Amino acid sequence: MTRRASLASAAAATLAASNANVVLGFAPSPSIRGLNQQHAASSFSSRTSAFMSSSDATVDDLAALSAIKLTPEGFGFSSPIGRILKSRGGMGYYKASASDSVIDVMEGICDGDNADVALVFDGEDALMGIFTDADYIRLATERSAATQSEKESAAFMATAPISDYVTPSDKLICVAEKDTASQAVAIMTANNVRHTVLVDECGPDFSYLEKSVVKGVISMQDLLRVIQSDERLSFDKLSQKFPGLADKPMEQMREEMKSKANALASDDETAKRDIIRAATAILSAGSVALFVTQSEWLGSHAELTMIGIFVLGYVGIIFEEVFEFNKAAVALLMSTGLWVTYADFYGGSSGLASESVLSQLGEQLAEVSDICFFLLAASAIVEVVDAHQGFKVVTNQITTKSKKGLFWVIGFLTFFLSAILNNLTVTIVMVSLLRKLIPDDDDRRLFGAMVVVAANAGGVWTPIGDVTTTMLWINNQLSTVPTVTQLFLPSIVCLVASLAFLVNQVEEDASLSESTLPPPSPLAARGQVVFWAGIACLLSVPIFAELTGLPPYLAMLTGLGAMWTLTDIIHMGEENEEMKVPAALSKLDTSGILFFLGILMSIGVLDKSGLLKDLAIFLNDNLPSQDIIATVIGIASALIDNVPLVAATMGMYDIAEYGTDDKLWQLIALCAGTGGSILVIGSASGVALMGLEKVDFLWYAKKVSLGAAVGYFAGIATYLAQNAILSGALTGGGVSP
């Protein structure tokens, strides 16, 4: 017996046995009646006595009830298939010829009488196969790969013969006229199909025989509609005869639900959730009470309170999977708690936010909004390019079927792209590309984490690649040429060391063959226009900012406006809205952007309050050298955003003492940029990955952090060795830094 037959037989037997024990079930058909008849009779009798023993029914009523079935033979689950087909009306299919084109068959299905599939016959009226929605999806995939324009697509649909895209008759799942609804449901469920062909006689494994005569096609929806209708009518009719019937079973059901709920409450997982709920409720109530009562303790321990809120918030984000709290909600609550504490209780506040605090809040919101709008616009541009298959320009060049080879290719591509774009934009682009290249979720998360490491390393060695390097460049701590020449080698060593460590987790298999990418094919003219326009918009961001002096987010929003106008012009008069910007905006991860907002607002208030400045001073007073300070700042940037850390460091050291391109500034740029890769929350790229691919903190820490740390320290060692050689310390001709 084939696997299909054994699956279907097992499912039919299971369904028959289970339904025989249900009061509102079906009368077993002759072919499966003997499976559990004795158990069914005893179960029916016991359930009947359970709800009738305390009622006012007469002895005659009890005898009559015990002798009947709620759903009579030939109805409900025991309905013959012929009755199902008759109830739907029509034959359930459109009859097509093998020479018919795809478009003709689709029109026939749409215009046909109550039909949603087509049966295709050859010239001798022999059944060739069936054409369903699953077959159309396969056809659409081939059409996308074979055509480059709407004109070619229309020609393909008009000329392609339907016979090339049917599910052949030897793979059909059939039912015979003698079969019942219960058997049809079991057969269709076991074989994972939504339609089955009704014939006068089918093979032993529910296959189609050459001598079979087609009677019609029925769907799972047809079956369930008749079954549910029969069950409802039977119960309503019996309830009228026995008024207590409608109430007693419901009372019994409620008691059973209570028992199940009680059993569930004793489960370890449920107990854990109850503890979390109780702790959250107590913590929330206590926090609200402290703030509402204007507790003096808050005023005298405001710094401790802010640190506590920050730690609790980060614990909630780190253990998101354990607590089952959305990290965006935790980040927003954390930022609100920190700002309220700072505004109303910090530094001897009177209980109301002062004008200076409101001004600081406005400044911080403006800074964070810059990044959020930048992220929003960049993500939308990428979505629009993706909708037009613009990434074919890149994916057509990727021909390797080796996952480890692809790992290195994507890593180096990300590294160099992030040097000319910013690492946040590159992360968004590459993660979108990975969704097409890598079908397996676990593999895609690992590749995405590698993208974060590569993007952060690549952003270090150019003034426009990483925000911290840009900050130092704008404030004249760094200049262009020395930054590129002296930070390139440490950055690429950081990348290679991390990738060499992480690539060992990549397991070679055939999963790349399951990629959603079609075979390499030329990109249509429209796609090329949209792709290069999108790339131009992304590349023009630093140029726009340099020429106008305006913030980068405005350049990105300008690019989005340009792409919006371009796609409206290209698709003018077309009904399909999927290729336009509004459709792209609807696909964006709003919760990820709000998480980004909450995190940066929280870090900002720690900066405004001076707590980060205090941390920087503490490091300067207690660490023996500036090299170690820069290294620790990089490690700290894995937990705390590197922007305020670098900003605090810039305020600690005078440019007059440590001039432009001093070793301190270059090392801070390297450490702050690459150190953020050690934890997923340490960089804008990592936070974006958390939102785009739902990567959680603990998974990243387990799988990626050690590899990122290896690259981090390898990059620092390379820079120190390079600096020593260039300064002459190793050759005996230099001075100590």
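Remember, it's a predicted structure, so these values are computed and weren't measured experimentally.
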Check the pair Leu594 / Leu597 against side chain to side chain contact (heavy atoms under 4.5 Å, CB included), numbers first and verdict last. CA-CA 5 Å; Leu594 290 175; Leu597 173 70; 4.2 Å; yes
Please report the C-alpha distance between Lys580 and Val384 in whole Å, then the side-chain angles of each, then the deciding distance to 0.1 Å, and finally whether the side chain to side chain contact (heavy atoms under 4.5 Å, CB included) criterion is met. CA-CA 7 Å; Lys580 298 183 180 180; Val384 171; over 6 Å; no
Residue pair Phe407, Leu499: steps toward the side chain to side chain contact (heavy atoms under 4.5 Å, CB included) verdict: CA-CA 8 Å; Phe407 195 82; Leu499 264 59; 3.9 Å; yes
Using the rule given for side chain to side chain contact (heavy atoms under 4.5 Å, CB included), can you reason through Val581 versus Asp568, listing the C-alpha separation, both sets of side-chain angles and the distance that settles it, and then say yes or no? CA-CA 8 Å; Val581 171; Asp568 282 348; over 6 Å; no
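Considering all non-hydrogen atoms of both residues, Cys494 and Ala457 come closest at SG-CB, 4.3 Å. Scanning all heavy atoms of the two residues, the minimum distance from Ala455 to Thr414 falls at N-CG2, 3.6 Å. Nearest approach of Ser683 to Val452, heavy atoms of both residues: OG-CG1, 4.0 Å. Summarising the geometry of Val453 relative to Ala708, their closest heavy-atom pair is CG2-CB, 4.2 Å, with the distance given to 0.1 Å. Heavy-atom minimum distance, Ser637 versus Ala672: OG-O, 3.6 Å. Residues Gly711 and Ala497 share a closest heavy-atom pair of CA-CB, 3.9 Å.
Considering only heavy atoms from C-beta on, Ile381 comes within 4.5 Å of Met556 through its side chain. When side chains are defined from C-beta on, Ser335 does not count as touching Val605, because their heavy atoms never get closer than 4.5 Å. Annotation: side chain of Tyr712 is in contact with side chain of Ile635 (closest heavy-atom distance under 4.5 Å). Looking only at side-chain heavy atoms (C-beta outward), Thr660 and Leu478 stay at 4.5 Å or farther from each other. Between Trp339 and Lys608, some side-chain heavy-atom pair lies under the 4.5 Å cut-off. When side chains are defined from C-beta on, Phe447 counts as touching Leu406, because their heavy atoms get closer than 4.5 Å. Side chains of Asp440 and Arg444 form no contact here, defined as non-hydrogen atoms less than 4.5 Å apart. Annotation: side chain of Thr469 is in contact with side chain of Thr483 (closest heavy-atom distance under 4.5 Å).
Thr462 places a side-chain N or O within donor-acceptor distance of the main-chain N or O of Ala419, the cut-off being under 3.5 Å. A donor-acceptor distance shorter than 3.5 angstrom exists from the side chain of Thr567 to the backbone of Trp564, with no hydrogens or angles considered. With hydrogens and angles ignored, the 3.5 Å screen pairs no side-chain donor or acceptor of Ser540 with any backbone N or O of Ile543. Formation of a donor-acceptor pair under 3.5 Å by the Asp661 side chain with backbone atoms of Ser479 is found in this model.
Heavy atoms from other residues, nucleotides or ligands lying under 6.0 Å from CZ of Phe373 number 12 at most.
Between the CD1 atom of Ile668 and the CD atom of Gln477 there is a distance of 8.5 Å, given to the nearest 0.5 Å. How far CG of Asp133 is from OH of Tyr136: 11.0 Å, rounded to the nearest 0.5 Å. Here the OH-SG distance, from Tyr719 to Cys671, works out to 9.5 Å after rounding to the nearest 0.5 Å. For the atom pair NE2 (His571) and CE (Met579), the distance works out to 4.5 Å, reported to the nearest 0.5 Å. Atom CG in Leu437 sits 4.5 Å away from atom CG in Leu433 (nearest 0.5 Å). Considering SG of Cys372 and CG of Leu376, their distance stands at 9.0 Å, rounded to 0.5 Å.
Looking only at atom types and distance, the side chain of Thr427 has a donor-acceptor partner in the side chain of Ser685 under 3.5 Å away.
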Identify all side-chain donor-acceptor contacts of residues 697-707 below 3.5 Å with residues at least two apart in sequence or on another chain.
unit_1, atom_1, unit_2, atom_2, d
Tyr700, OH, Ser677, O, 2.6
Ser705, OG, Ile678, O, 2.5

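Ring orientation note: the planes of Phe412 and Phe415 are nearly perpendicular, at an angle over 60° on the 30°/60° scale.
Remark: Lys404 does not engage Glu507 in a salt bridge, criterion side-chain N to carboxylate O under 4.0 Å.
Not counting sequence neighbours, the partners of Ser101 by the side chain to side chain contact (heavy atoms under 4.5 Å, CB included) test are Ile103, Asp104.
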